[in-house]
Undergrad: 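Below: one structure in structure tokens.
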Amino acid sequence: MAEAEAHGIVIVGGGICGLATALALHRKGIPSLVLEKSRSLRADGAGIGVHANGWRALEQLGVAAELRETAQLITVYHDVWQQGDKTSREKVPVRMELRCLNRKDLIEALAKDIPAGAIRFGCRVAAVAADPGGGHGAVLTMADGTAMKAKVKLACNRWSYIQYHIYIYPLPEIELFQVLIGCEGTYSAVARYLGLSPVRTIPRPVLRGFTWYPHGHSFDTEFLRLRVGGFFIGRLTITDNLVHFFVTMPKQPTADVIKDLKRVRDHALKDLQDVECPGEIIEIVRGSDPESLNLVTEFWYRPPWEVVLGSFQRGAVTVAGDAMHAMGPFIGQGGSAGLEDAVVLARSLARAAVDDSDNAREKKVVGEAIGEYVRERRPRLALLSLESFVMGALLVRSPSPVTKLVCVAVLILLGSKSLRHANYDCGRL
Ligand SMILES: Cc1cc2nc3c(=O)[nH]c(=O)nc-3n(C[C@H](O)[C@H](O)[C@H](O)COP(=O)(O)OP(=O)(O)OC[C@H]3O[C@@H](n4cnc5c(N)ncnc54)[C@H](O)[C@@H]3O)c2cc1C
């Protein structure tokens with residue numbers, strides 16, 4: 001009988017978090033297989049702001065230096081609020097590292113050192129379920145009908161540890177894995193398998209894109225945040241020639257407009273003119289590269305109480321990135337939190353592997369290593385989710401004065417103004 005292929009670690013989803021996890025594991029000498037539904041690396045979404053905590057994680061992954069070459073430092077937050085004839089402005093220096101990366105650069109930097117063949121493209125996981133055969137693990141069913149199965153066997157040794165063993169499953173067509181990590185974003189089949197609720201959504205259209213200035217732009221190295229007539233607009237410089245912008249619109253474009261991003265841009269431009277948005281911003285949007293345009297119609301988030309109480313582990317199955325803690329864009333930390341997850345998870349799994357081979361008495365099995373990862377990440381993610389949730393409530397939900405007061409108090413306690421969350425260090429890989 002032909003032998004089934006056995007994988008140690010399978011990662012579902014090759015976005016920022018899935019690739020970072022595969023790279024982190026690779027740096028620790030642990031092979032993995034990434035299953036990505038797209039036919040090639042996905043890098044939509046134009047730019048992504050990365051704060052100091054994200055850069056620390058990228059340093060551990062060994063890609064920070066090359067990425068710093070692609071994006072300049074953002075030195076100032078520039079908040080502008082235009083209400084009728086009145087415009088208020090505030091400039092605050094950015095005290096910790098903040099750069100806006102082209103997502104494509106980030107994805108490519110994470111992917112390039114992952115060994116060839118370790119990312120399987122065009123592979124969509126359709127379902128994850130408990131093994132109907134009564135095993136102790138999960139079965140992945142792909143959209144093409146093929147399956148992959150955890151082959152785990154429970155055994156107690158004299159220290160009563162539970163050990164997992166990969167062994168050759170007698171059905172040759174089914175591939176095997178030992179550990180399953182769901183990094184497939186907000187609609188995660190792995191998260192469902194763990195018993196997590198679906199993520200919540202807030203309908204809110206955001207158009208994002210890049211504008212290229214062949215002869216250089218004249219903008220300061222700032223994160224401009226402009227509120228005007230129900231719009232929330234952001235502009236971040238990436239290089240002397242490249243600018244990232246986002247336009248959060250007060251109402252959804254119609255279904256036929258949404259199908260064509262150039263029409264969405266025209267629609268946004270018309271509405272921006274109607275609310276007397278500064279011409280400088282209108283020109284950035286008008287001059288954007290059509291290929292770079294990206295539209296998100298809703299924000300996804302997992303409420304903070306679910307992050308505190310949710311089950312992030314079932315045996316050797318866990319989640320990371322948005323699959324674990326989708327938090328919307330309100331504090332710009334979703335991507336960086338996913339990078340932190342990758343470092344912590346690989347570190348925990350590597351400890352288990354090292355102990356396994358070196359010293360039986362100190363052995364930590366995979367399930368324990370994942371438990372360690374979940375325990376380390378939960379408090380950090382709970383605070384980030386809370387901060388993002390409260391910020392979102394202030395920005396998009398028009399809260400009552402009392403709720404507003406509570407929100408402001410929570411943000412003060414969390415050190416939101418000084419970006420305490422960005423000063424986090426997830427530690428060494
Ligand atoms: C408007 C907006 C602005 C944001 N700005 C920032 C910011 O400035 N800074 C920041 O840090 N974060 C930001 N975020 C959040 C950030 O984009 C996400 O947190 C981050 O992309 C999550 O990465 P991920 O790898 O967990 O998931 P994803 O990026 O969603 O990647 C999931 C991957 O899994 C694949 N996949 C999905 N389903 C399957 C399946 N069934 N089988 C196989 N593959 C599958 C997808 O194709 C994709 O490649 C923003 C989000 C939004 C919406």
Side-chain angles (χ1 to χ4, degrees), residues 45-47 49 74-94 100 202-238 240-290 292-299 328-332 391-399 401 404 407-408:
I74 303 286
T75 54
V76 175
Y77 287 109
H78 185 180
D79 290 315
V80 182
W81 196 348
Q82 193 175 311
Q83 289 171 292
D85 294 344
K86 279 209 302 196
T87 302
S88 60
R89 288 175 187 276
E90 190 184 13
K91 286 194 181 189
V92 180
V94 181
C100 180
I202 306 173
R204 201 77 174 172
V206 188
L207 181 69
R208 295 180 284 181
F210 290 131
T211 308
W212 176 253
Y213 296 83
H215 306 295
H217 58 73
S218 56
F219 308 121
D220 292 336
T221 52
E222 61 179 24
F223 182 2
L224 173 74
R225 300 181 288 200
L226 166 68
R227 280 198 255 177
V228 53
F231 284 85
F232 182 59
I233 298 158
R235 182 193 71 200
L236 295 105
T237 51
I238 297 184
D240 290 340
N241 303 93
L242 189 63
V243 170
H244 167 62
F245 70 86
F246 62 83
V247 178
T248 309
M249 297 179 259
K251 49 182 196 294
Q252 297 282 358
T254 53
D256 61 318
V257 170
I258 281 180
K259 285 185 210 142
D260 178 354
L261 289 174
K262 279 199 247 169
R263 283 186 68 193
V264 175
R265 180 177 62 182
D266 292 344
H267 169 89
L269 280 167
K270 186 184 164 305
D271 287 356
L272 285 171
Q273 272 158 342
D274 289 349
V275 298
E276 295 181 9
C277 176
E280 183 186 87
I281 299 292
I282 291 183
E283 284 317 307
I284 294 172
V285 179
R286 183 173 288 131
S288 56
D289 172 7
S292 74
L293 295 176
N294 168 273
L295 179 73
V296 176
T297 55
E298 56 192 12
F299 296 152
F330 307 112
I331 57 170
M391 194 68 93
L394 280 177
L395 289 174
V396 297
R397 287 191 198 278
S398 322
K404 205 169 170 176
C407 289
V408 171

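Computed from a predicted model, the values in this text were never measured in an experiment.
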Undergrad: Quick one: are V264 and M249 in side-chain contact, heavy atoms under 4.5 Å?
TA: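 A side-chain contact exists here, since the closest heavy-atom pair is under 4.5 Å.
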Undergrad: A side-chain contact here means heavy atoms from C-beta on lying under 4.5 Å apart; do V243 and I238 qualify?
TA: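 Sidechains of I238 and V243: no contact.
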Undergrad: Quick one: are R208 and V206 in side-chain contact, heavy atoms under 4.5 Å?
TA: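 A side-chain contact under 4.5 Å exists here.
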Undergrad: If I compare all heavy atoms of G229 with all of P250, which pair ends up nearest, and what's the gap?
TA: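 The pair with the smallest heavy-atom distance is O-CG, 4.2 Å.
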Undergrad: Treating S288 as the side-chain partner and T211 as the backbone partner, does any N or O pair qualify as donor plus acceptor under 3.5 Å?
TA: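 Checked: no pair found.
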Undergrad: Would you mind reporting whether L394 and K404 have side-chain heavy atoms less than 4.5 Å apart?
TA: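 They are in side-chain contact.
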Undergrad: I need the minimum non-hydrogen distance between P205 and L295, along with the two atoms involved.
TA: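 Between these two residues, the closest heavy atoms are CB-CD1, 4.4 Å.
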Undergrad: State the SG-CG distance between C100 and L242, to the nearest 0.5 angstrom.
TA: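 It is 8.5 Å, given to the nearest 0.5 Å.
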Undergrad: Could you tell me the separation between the NE2 atom of H78 and the CD atom of E222, rounded to the nearest 0.5 Å?
TA: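 H78 NE2 to E222 CD: 5.5 Å, rounded to 0.5 Å.
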Undergrad: Would one find more than 12 heavy atoms of other residues, nucleotides or ligands at under 6.0 Å from atom CD of E283?
TA: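 Above 12, so yes.
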Undergrad: Do any N or O atoms from the side chain of N241 and from the backbone of Y213 form a donor-acceptor pair under 3.5 angstrom?
TA: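 Such a contact is found between N241 side chain and Y213 backbone.
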Undergrad: Taking only Lys NZ, Arg NE, NH1 and NH2, and the carboxylate oxygens of Asp or Glu, determine whether K262 and D266 approach each other closer than 4.0 Å.
TA: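 So K262 does not pair with D266 through a salt bridge.
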Undergrad: Would you check if Q273 and I282 make a side-chain contact, meaning some heavy-atom pair closer than 4.5 Å?
TA: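 Yes; the side chains approach each other to less than 4.5 Å.
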Undergrad: Is it the case that the side chain of Q252 and the backbone of T297 share a donor-acceptor pair, with hydrogens and angles ignored and the cut-off at 3.5 Å?
TA: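 Yes, the answer is positive, given that a donor and an acceptor are paired below the 3.5 Å cut-off.
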Undergrad: Under a 4.5 Å cut-off applied to non-hydrogen side-chain atoms, are H267 and L272 in contact?
TA: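 Contact flag for H267/L272 side chains = no.
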Undergrad: Please find out if less than 6.0 Å separates the ring center of F210 from that of F245.
TA: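 Ring-ring flag for F210/F245: false, centres at least 6.0 Å apart.
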Undergrad: Just jot down the side-chain contact (heavy atoms from CB on, under 4.5 Å) partners of R263, sequence neighbours excluded, or say none.
TA: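 If we apply the side-chain contact (heavy atoms from CB on, under 4.5 Å) test to R263, skipping adjacent residues, the hits are D256, V257, D260.
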Undergrad: Hey, does the Lys NZ or Arg CZ of R225 hover above the aromatic six-ring of F223, less than 6.0 Å from the centre and inside 45° of the axis?
TA: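 Because its charged atom sits under 6.0 Å from the ring centre and within 45° of the axis, R225 does stack over F223.
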Undergrad: Minimum heavy-atom separation for S292 and A46, please, with both atom names.
TA: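 That closest heavy-atom pairing would be O-CB, 4.2 Å.
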Undergrad: Which class fits the ring pair H244 and F246: parallel under 30°, tilted 30 to 60°, perpendicular over 60°?
TA: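 Answer is tilted, since the angle falls between 30° and 60°.
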Undergrad: Taking all heavy atoms of I74 and all of T237, pick out the closest pair and write down the distance.
TA: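 Result for this residue pair: CD1-O, 3.4 Å.
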Undergrad: Do N294 and L207 come within less than 4.5 Å of each other through their side chains, counting heavy atoms only?
TA: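 A side-chain contact is absent here, since even the closest heavy-atom pair is not under 4.5 Å.
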Undergrad: State the CZ-CG distance between R89 and L226, to the nearest 0.5 angstrom.
TA: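 Interatomic distance, R89 CZ to L226 CG, rounded to 0.5 Å: 8.5 Å.
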Undergrad: Give a yes or no answer on whether the side chain of Q83 reaches the backbone of S88 with a donor-acceptor pair at less than 3.5 Å.
TA: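 No, Q83 side chain to S88 backbone: no donor-acceptor pair under 3.5 Å.
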Undergrad: Nearest heavy-atom pair of Q82 and E276: which atoms, and what distance?
TA: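 Answer, listing the atom of Q82 first, then E276: NE2-O, 2.8 Å.
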Undergrad: If you round to the nearest 0.5 Å, how far is CG of L236 from CZ of F219?
TA: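 If I round to the nearest 0.5 Å, the distance is 12.0 Å.
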Undergrad: Work out which heavy atom in I281 is nearest to a heavy atom in I233; give both atom names and the distance.
TA: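 Smallest interatomic distance, heavy atoms only, reads CG2-CG2, 3.8 Å.
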Undergrad: Does V247 form a side chain to side chain contact (heavy atoms under 4.5 Å, CB included) with V285? I'd like the steps, not just the answer.
TA: CA-CA 9 Å; V247 178; V285 179; 4.0 Å; yes
Undergrad: Taking C-beta and beyond as the side chain, do R235 and E280 meet within less than 4.5 Å on heavy atoms?
TA: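 Result yes, sub-4.5 Å side-chain heavy-atom pair found.
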Undergrad: Could you walk me through whether L293 and R265 pass the side chain to side chain contact (heavy atoms under 4.5 Å, CB included) check?
TA: CA-CA 8 Å; L293 295 176; R265 180 177 62 182; 4.1 Å; yes
Undergrad: Kindly determine whether T248 and R204 satisfy side chain to side chain donor-acceptor pair (under 3.5 Å), including the steps that lead there.
TA: CA-CA 7 Å; T248 309; R204 201 77 174 172; over 6 Å; no
